[in-house]
Amino acid sequence: MGSWYHSTKFAVEGLSDCLRLELKPFGIDVIIVEPGATLTEWGAIAVEKLLQTSGNTAYATAAQTGAKLLAFTSDEKLASKPEVIADTISKALKAKKPKARYGTGSGATFLVTFRKFASDGLIDISTN
């Protein structure tokens, strides 16, 4: 349901990794901010559009599962406030030696670490 979205994020991450190496000799740092679920209107819009587009198609089951996952971004108890992400960006910009990646917000650090150590098969099972 979100292949186009995730592949563009993956492409920007790859570009950032390459740019970090290419720009380092010029004293330019490139960082990646990887936010988790963030409390904005985006989640509700994404759920609505997902169900509208795919809710009554051959992808209906996957759309329903995706909609349940996206609903976390609208849950005030689970999602991070946008200020959490903004604070991380500010911290990264002010760092004398910034990290290459900043996981921030609800679930981000866990998901990045999980993906780092989990096999592709385990990732595939956990998303179905």
Side-chain angles (χ1 to χ4, degrees):
M1 308 291 88
S3 299
W4 57 272
Y5 173 74
H6 297 292
S7 64
T8 57
K9 288 195 319 179
F10 188 73
V12 170
E13 183 175 356
L15 174 64
S16 298
D17 285 337
C18 292
L19 284 174
R20 185 173 44 262
L21 297 173
E22 292 176 6
L23 297 175
K24 184 176 182 161
F26 304 104
I28 299 171
D29 297 311
V30 177
I31 62 168
I32 299 169
V33 177
E34 299 177 305
T38 308
L39 193 58
T40 68
E41 65 278 357
W42 181 88
I45 294 168
V47 167
E48 178 187 338
K49 296 297 181 185
L50 173 60
L51 294 176
Q52 205 173 61
T53 304
S54 301
N56 295 312
T57 69
Y59 296 103
T61 301
Q64 292 292 331
T65 300
K68 287 176 187 172
L69 289 171
L70 285 169
F72 287 118
T73 63
S74 298
D75 187 326
E76 292 184 19
K77 293 177 185 169
L78 298 174
S80 296
K81 292 182 179 180
E83 294 83 2
V84 171
I85 312 308
D87 289 345
T88 300
I89 293 169
S90 178
K91 175 184 171 186
L93 291 173
K94 293 174 185 174
K96 290 184 182 183
K97 291 188 176 192
K99 298 186 287 185
R101 285 174 173 68
Y102 290 83
T104 183
S106 182
T109 303
F110 170 77
L111 290 173
V112 169
T113 303
F114 180 69
R115 181 64 188 112
K116 190 177 199 177
F117 295 105
S119 68
D120 290 333
L122 185 56
I123 296 294
D124 291 349
I125 290 169
S126 67
T127 56
N128 285 328

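On a predicted model such as this, the values are computed, not experimentally measured, just so you know.
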Minimum heavy-atom distance between [X] and [Y], given as atom pair plus value:
{"X": "Ala108", "Y": "Glu34", "value": "CB-O, 3.3 Å"}
{"X": "Ser74", "Y": "Gly43", "value": "OG-C, 4.2 Å"}
{"X": "Ala79", "Y": "Phe72", "value": "CB-O, 3.5 Å"}
{"X": "Leu50", "Y": "Ala67", "value": "CD2-N, 3.6 Å"}
{"X": "Ala118", "Y": "Leu122", "value": "CB-CD2, 3.9 Å"}

Legend entry - Rounded distance (nearest 0.5 Å) linking atom NZ of Lys99 with atom CG of Asp29: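 Atom-to-atom, Lys99:NZ and Asp29:CG are 13.5 Å apart.
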Inset, instruction - Calculate, to the nearest 0.5 Å, the distance between atoms OG1 and CD belonging to Thr73 and Glu41 respectively. - result: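 Thr73 OG1 to Glu41 CD: 10.0 Å, rounded to 0.5 Å.
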Are the side chain of [X] and the backbone of [Y] linked by a donor-acceptor contact shorter than 3.5 Å?
{"X": "Ser90", "Y": "Ala86", "value": "no"}
{"X": "Ser7", "Y": "Trp4", "value": "yes"}
{"X": "Ser80", "Y": "Ser106", "value": "yes"}
{"X": "Thr53", "Y": "Leu51", "value": "no"}

Cluster question for you: counting only ILVMFWY and a side-chain heavy-atom cut-off of under 4.5 Å, with indirect links fine, are [X] and [Y] together?
{"X": "Ile85", "Y": "Ile31", "answer": "yes"}
{"X": "Val47", "Y": "Tyr5", "answer": "yes"}
{"X": "Val12", "Y": "Ile32", "answer": "no"}

Inset, instruction - Please assess Val84 against Thr104 for the test side-chain contact (heavy atoms from CB on, under 4.5 Å), listing each intermediate value before the final yes or no. - result: CA-CA 7 Å; Val84 171; Thr104 183; 3.8 Å; yes
Inset, instruction - Taking only Lys NZ, Arg NE, NH1 and NH2, and the carboxylate oxygens of Asp or Glu, determine whether Glu13 and Arg101 approach each other closer than 4.0 Å. - result: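 Here Glu13 pairs with Arg101 in a salt bridge, since their nearest N and O are under 4.0 Å apart.
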Inset, instruction - If you link ILVMFWY side chains whenever their heavy atoms are less than 4.5 Å apart, which other residues fall into the same cluster as Phe26? By chain and number, please. - result: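 Its cluster partners, ordered by chain and number, are Leu15, Leu19, Leu23, Ile28, Val30.
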Inset, instruction - Please assess Leu70 against Trp42 for the test side-chain contact (heavy atoms from CB on, under 4.5 Å), listing each intermediate value before the final yes or no. - result: CA-CA 9 Å; Leu70 285 169; Trp42 181 88; 3.6 Å; yes
Legend entry - Over 12 foreign heavy atoms within 6.0 Å of CD, Glu76: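 Count not over threshold, so no.
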